[in-house]
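Take a look at the structure below.
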Amino acid sequence: MKKLKAYGPPVLMIAPSLILIGIFVYYLIFGSVQTSMTDIHELAQATGRQESHFVGLENYATLLTSPDFLHSLRNLLVYTLAFIAGTMFFGFLWAWLLDRRSKAEGVFRSLYLFPMAVSSVAAGVVWQWLLNSSTGQEASGLNRLFQYIGLGGLQNGWITDQDWGILGIAMPAIWQMAGYIMALFLAGFRGIPDELREAARVDGASEWKIYRYVLFPQLSPIALSALIILGHMSLKIFDLVVAITGGYTYYPTKVPAVDMAFYLNSGDYALASTVGVVLLLIILVLIVPYLVHVAKEDK
Amino acid sequence: MSNSTLPSPGLTAFDNAPAARADKKKGGFDWGRLVRYLLLFFFLIVVLIPVYVLVITSFKGIGDASPDRAWIFPQEFIGDNWLTAFFGDDLAKANPSIGAALGRTLLMVVPAAVISSFLGSMNGFVLSRWRFPYANVVFTLLLFGMFIPYQAVMVPLYRMMTELWKYTPLTQGTPSLILLHVIYGIPITTLIFRNYYQSVPKELIESAKVDGAGMLRTYSNVVLPISIPSFVVVLIWQFTSAWNDFLFAVFFGGNPGTQAPVTVTLNMIAKGSIMTDYGITMAAAFLASVPTLLIYVLLGKYFVGGLMAGSVKG
């Protein structure tokens, strides 16, 4: 009775959230897994007007052997690697350039970071223009800019390339997120006490050695969380692709999240949930070891 | 903000750097410094290219349509695109109005941000300073919701919502989106508030307890007043992510031209009825970004604070 009086109020306070998350996260994930094992490929089946059956892992087999979906998975891999490499490179470089208290640092910082405040759809509008695939006389966008600065040889079809078009989607994504990585690293640089550097300097360490042995080890936890955040973000890439390509069916740059929207839209609930579960599994493979690592560090 | 002795949540450490790291003046010209500034300016230009393109294109008329004028200033600055983007183009039915979309998106995003901030604050409080058995387990269960990709729940969610709309058609669009942003915002808002309250001295709450205050009293009289910095961070975070959301907006936003949020409207304009009219689309893209950009400009510090806390959501 005493316990009830002590613990009743806090439990009541958190109960609504817990119930909502229980339904909208855990129960729905269960629902996705369940639907992914049925043959609900048409709307009539979804509404119960036509029968549906349990088919086990058939949908997973269908997707993972379809060249179409493998193309999406390959695109996702290429995109993720390019996105992570690009944002980490520019983010670190900018933080490093700004670290030494430049004049007008705030201006650079704010402008490098502003693309994050813009929605992917708005960014996609401008980048669609920049990534125009026309070349030569008809070129506009970046291809025209290349002509101006004497790099006409760099003109290309951007997102129209079957194999590497997805890199065209990675460019605006890097543009949006590099500033964020800069902010993370800059906070990291600033968190390292100056005495640490001074001590190394007094000991006669070269600038490079100070970075190698003093700064990098201090920054590696930040780099690790940055990697996780970016990886997590890139696996769900959807808005930018739709904004730049105009829909769910553009083959060269399609990714799993776009496939899911396409299946859901066309009433193929079974394949849509299968794609969703596959994405969830990929993210779990990435996140769980990280969470375990963090939990260990905490102890 | 409210009390300078209390730590503020997730604010960046940029400005705490000692001034000592400023460039040391040695004799002679500092080449390293020059190169550093040249690089900084170069990257600044690269980052701002899309802004330049947006501005010049949005002011161009038909006379500037030819590709060899793509990067050049408009022959004549024309405001028509901006008017069409804002008010829509009723005659052709081709362009929905961004102005109307801004209004209804605000009506969706503000309640969503406010409600989920309060939920997060209450959860954070009982998970850190008014605990109960298994609080850590509950916290982990809630937190996991942050890491799942929305794709993993979309199908059953869509079925559930369409079922709901059958009985209550009025809940389609804005009410549905408020509900979803509130629910899927619970993990991140709870996390930010919990971390903040854990840095609040225990004594503050203990003394309220000693004075005989119950949980609700302690929460409303002691905890809420010192939560303002966290509220700012969380409100901004929720506002921005709901404003920029596209996935939920497409599937739960209702009729694209008349009910759905601004991202969907912008996407419609961008697609156009036959082909993209870049002048109007660029103006629309800018208008659609004004609220989040304003927040970024006015409250940048808190904006970054939210980013630090949780970009892994959904």
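So that the names make sense, note that chain A is the first sequence line, chain B the second, and so on, each numbered from 1.
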Interface moiety of A:P9 toward chain B, non-hydrogen atoms closer than 4.5 Å: both
Is it the backbone or the side chain of A:Q128 that comes under 4.5 Å from a heavy atom of chain B, or both, or neither? both
Please classify the contact of A:A123 with chain B as side chain, backbone, both or neither, using a heavy-atom distance under 4.5 Å. neither
Under a 4.5 Å heavy-atom cut-off, does chain B meet the side chain of A:I244, its backbone, both or neither? neither
Whether B:T105 side chain and B:V262 backbone form a donor-acceptor pair below 3.5 Å: yes
Engaged part of B:S66 at the chain A interface, taking heavy atoms whose separation is under 4.5 Å: neither
Please rank B:S289, B:P133, B:G214, B:G120 by heavy-atom pairs under 4.5 Å with chain A and give me the top one. B:P133
Report yes if some heavy atom in the side chain of A:M260 is under 4.5 Å from a heavy atom in the side chain of A:L279; otherwise report no. no
B:L127 versus chain A, the contacting section by heavy-atom distance below 4.5 Å: side chain
For B:V264, is it the side chain, the backbone, both or neither that has a heavy atom under 4.5 Å from a heavy atom of chain A? neither
Verify the ring-centre separation between B:Y184 and B:F248: is it less than 6.0 angstrom? yes
Heavy-atom pairs under 4.5 Å with chain A are the metric here; pick the option from B:F125, B:F41, B:W243 that has the most. B:F41
Contacting region of B:V53 [heavy-atom separation from chain A under 4.5 Å]: side chain
I'd like to know whether OH of A:Y290 has more than 12 heavy-atom contacts from other residues, nucleotides or ligands below 6.0 angstrom. yes
If I measure from the heavy atoms of chain A, does B:I49 come under 4.5 Å with its side chain, its backbone, both, or neither? side chain
Under 4.5 Å to a heavy atom of chain B? For A:V242 that would be both
Under 4.5 Å between any side-chain heavy atoms of B:F286 and B:S58, yes or no? no
Between B:R131 and chain A, which part of the residue has a heavy atom less than 4.5 Å away: side chain, backbone, both or neither? backbone
So what's closer than 4.5 Å to chain B heavy atoms on A:W175: side chain, backbone, both or neither? side chain
Tell me, for B:M215 versus chain A, whether the close heavy atoms (under 4.5 Å) come from the side chain, the backbone, both or neither. side chain
Relative to chain A, which of B:R69, B:R159, B:M160, B:M154 shows the most heavy atom pairs under 4.5 Å? B:R159
Is A:F238 in contact with chain B via its backbone, its side chain, both, or neither, using a 4.5 Å heavy-atom distance? side chain
Side chain, backbone, both or neither: which part of B:I72 has a heavy atom under 4.5 Å from chain A? side chain
Given the options B:F251, B:F246, B:F43, which has more heavy-atom pairs under 4.5 Å with chain A than any of the others? B:F43
Specify whether A:W94 and A:F90 have parallel, tilted or perpendicular ring planes, treating 30° as the upper limit for parallel and 60° as the lower limit for perpendicular. tilted
Kindly indicate whether a cation-pi arrangement holds for B:R194 with B:F139, taking the cut-offs as under 6.0 Å to the six-membered ring centre and within 45° of the axis. yes
Need one label for A:I282: side chain, backbone, both or neither, based on atoms under 4.5 Å from any heavy atom in chain B. neither
Is the B:Y278 ring parallel, tilted or perpendicular to the A:W129 ring (thresholds 30°, 60°)? perpendicular
Sequence neighbours left out, cut at 3.5 Å: what donor-acceptor pairs do the side chains of residues 16-31 of chain A make with other protein atoms?
| unit_1 | atom_1 | unit_2 | atom_2 | d |
| --- | --- | --- | --- | --- |
| A:S17 | OG | B:N123 | OD1 | 3.3 |
| A:S17 | OG | B:N123 | ND2 | 2.8 |
| A:Y26 | OH | B:L141 | O | 2.7 |

Would you say CH2 of B:W71 has more than 12 non-hydrogen atoms from neighbouring residues, nucleotides or ligands within 6.0 angstrom? yes
Check whether B:V51 gets within reach of chain A through its side chain, its backbone, both or neither, counting any heavy atom under 4.5 Å. side chain
Quick one: what part of A:A257 sits under 4.5 Å from any heavy atom of chain B, side chain, backbone, both or neither? both
Top residue by heavy-atom pair count (under 4.5 Å) with chain A, among B:L44, B:V182, B:T57, B:V46? B:L44
Choice from B:I183, B:L216, B:L157 maximising heavy atom contacts with chain A below 4.5 Å: B:I183
